[in-house]
> 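Next up is a structure, given as structure tokens.
Note that these values count all heavy atoms, side chains included, but never hydrogens, waters or copies made by symmetry. Residue numbers count from 1 along this sequence. Read the numbers this way: they start at 1 and go in the same order the structure lists the ligands and their atoms.
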Amino acid sequence: MSVDVVTIFPEYLAPLRSSLLGKAIERGQVRVDVHDLRTWTGDPHRTVDDTPYGGGPGMVMLPEPWGRALDAIAPPDGPGQPRLVVPSPAGRRFSQSVAEELAGEPWLLFGCGRYEGIDARVLDYAGQRMVVDEISLGDYVLCGGEVAVLAILEAVARLIPGVLGNALSASEDSFSPAVDGLLEAPAYTKPAVWRGLEVPEVLLSGHHGNIARWRREESVRRTRARRPDLLGD
Ligand code: ADE
């Protein structure tokens, strides 16, 4: 998979190079290029924003640097086009199934907005030749799209075949269809007693049927307590 990220804070994306995604980059399974939007400004101050037409608070990102960035990274007459992902609280809600959708794409281009967002014509312009996806992490407002890109990319990268060491673990996560949309049961490791706290006995029993039943019951209990919406309650 190829990934391009356009931002005015390239250093914010440094964590992409560590951990699981960093290893995937080293192994050549994922290519990631982070671009500074100011590369495509045209004035000495390298301006990227201006006041909104119609008034209102804050600043809006200028269309021209974004237009140039898109044309440079994904030329209109190029052999293929990326899917443009723009994190925004006004986007569709991110989820495991959206992560699965994105993991199937050969090329993702993330556009990080700051301030009150990007001039809306940029997405219309991009939409003339690429799929444009505005995605929200949830119902809260971040200062910009950078943290959302880190979260989205981490969720996507671990679904790419060969990126996760244990192929089964991705399909058994909370929210993956394999566990029927239930939250995962709690997990324990050694020692069996730690600071007076014991691992549930059934997990030490070696009885696979009882263990599976216990995990299922814990999943339902947790889901009912924490996320009743997932049970349709
Ligand atoms: N940018 C600002 N807030 C955001 C959110 N909730 N999700 C994604 N991108 C954002």
Side-chain angles (χ1 to χ4, degrees), residues 1-21 30 32-38 40-41 47-63 65-67 69-70 73-74 82-105 107-127 130-160 173-176 183 226-227 229-230:
M1 173 183 279
S2 282
V3 176
D4 290 278
V5 185
V6 180
T7 169
I8 57 167
F9 294 120
E11 68 282 1
Y12 223 118
L13 281 304
L16 286 179
R17 310 265 158 211
S18 34
S19 185
L20 188 125
L21 193 51
V30 182
V32 178
D33 279 326
V34 179
H35 312 268
D36 187 344
L37 179 69
R38 292 188 202 275
W40 293 286
T41 53
T47 310
V48 291
D49 62 333
D50 207 332
T51 53
Y53 276 125
M59 303 288 269
V60 176
M61 296 188 102
L62 292 163
W66 279 105
L70 294 175
I73 295 165
R83 173 144 152 180
L84 177 63
V85 179
V86 180
S88 158
R92 70 177 169 131
R93 184 72 163 267
F94 190 56
S95 65
Q96 192 65 22
S97 65
V98 174
E100 278 162 18
E101 220 180 275
L102 297 182
E105 293 283 340
W107 185 10
L108 297 175
L109 168 52
F110 289 91
C112 299
R114 281 263 151 183
Y115 317 115
E116 295 302 308
I118 304 170
D119 185 305
R121 290 168 295 182
V122 171
L123 303 199
D124 296 339
Y125 172 71
M130 54 185 85
V131 176
V132 178
D133 220 350
E134 283 185 88
I135 293 182
S136 171
L137 282 196
D139 294 336
Y140 46 83
V141 181
L142 303 167
C143 293
E146 287 78 5
V147 168
V149 169
L150 292 175
I152 292 169
L153 263 182
E154 188 155 316
V156 168
R158 59 194 294 287
L159 297 175
I160 298 170
D173 288 339
S174 297
F175 297 117
S176 117
L183 303 186
R226 299 175 184 183
R227 292 291 308 276
D229 55 300
L230 293 176

> Any chance you could measure Leu137, atom CG, to Ile152, atom CD1, to the nearest 0.5 Å?
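One finds 5.5 Å between CG of Leu137 and CD1 of Ile152.
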> Taking side-chain hydrogen bond (donor to acceptor under 3.5 Å, both in side chains) as the definition, give me every residue that meets it alongside Ser88, ordered by chain and number, with sequence neighbours left out.
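Residues passing side-chain hydrogen bond (donor to acceptor under 3.5 Å, both in side chains) with Ser88: none at all.
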> Which heavy atom in Val156 sits nearest to a heavy atom in Ala103, and how many Å separate them?
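Nearest heavy atoms, Val156 then Ala103: CG1-CA, 3.7 Å.
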> Which parts of the protein, at residue level, reach under 4.0 Å of ligand 1 through a heavy atom?
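Lining ligand 1 at under 4.0 Å, by heavy atoms, one finds Pro87, Ser88, Pro89, Ile135, Ser136, Leu137, Gly138, Tyr140, Val141, Leu142, Gly144, Ala148.
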> Should Ile8 and Met61 be marked as a side chain to side chain contact (heavy atoms under 4.5 Å, CB included) after you check the CA-CA gap, both sets of side-chain angles, and the distance that decides it?
CA-CA 11 Å; Ile8 57 167; Met61 296 188 102; 4.0 Å; yes
> Within the side chain of Thr7, is there an N or O that forms a donor-acceptor pair under 3.5 Å with the backbone of Phe9?
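Side chain of Thr7 to backbone of Phe9: a pair is present.
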> Which of these, Ile135, Val147, Val149, Leu142, sits in a side-chain contact (heavy atoms from CB on, under 4.5 Å) with Pro87?
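In the set Ile135, Val147, Val149, Leu142, the residue that makes a side-chain contact (heavy atoms from CB on, under 4.5 Å) with Pro87 is Val149.
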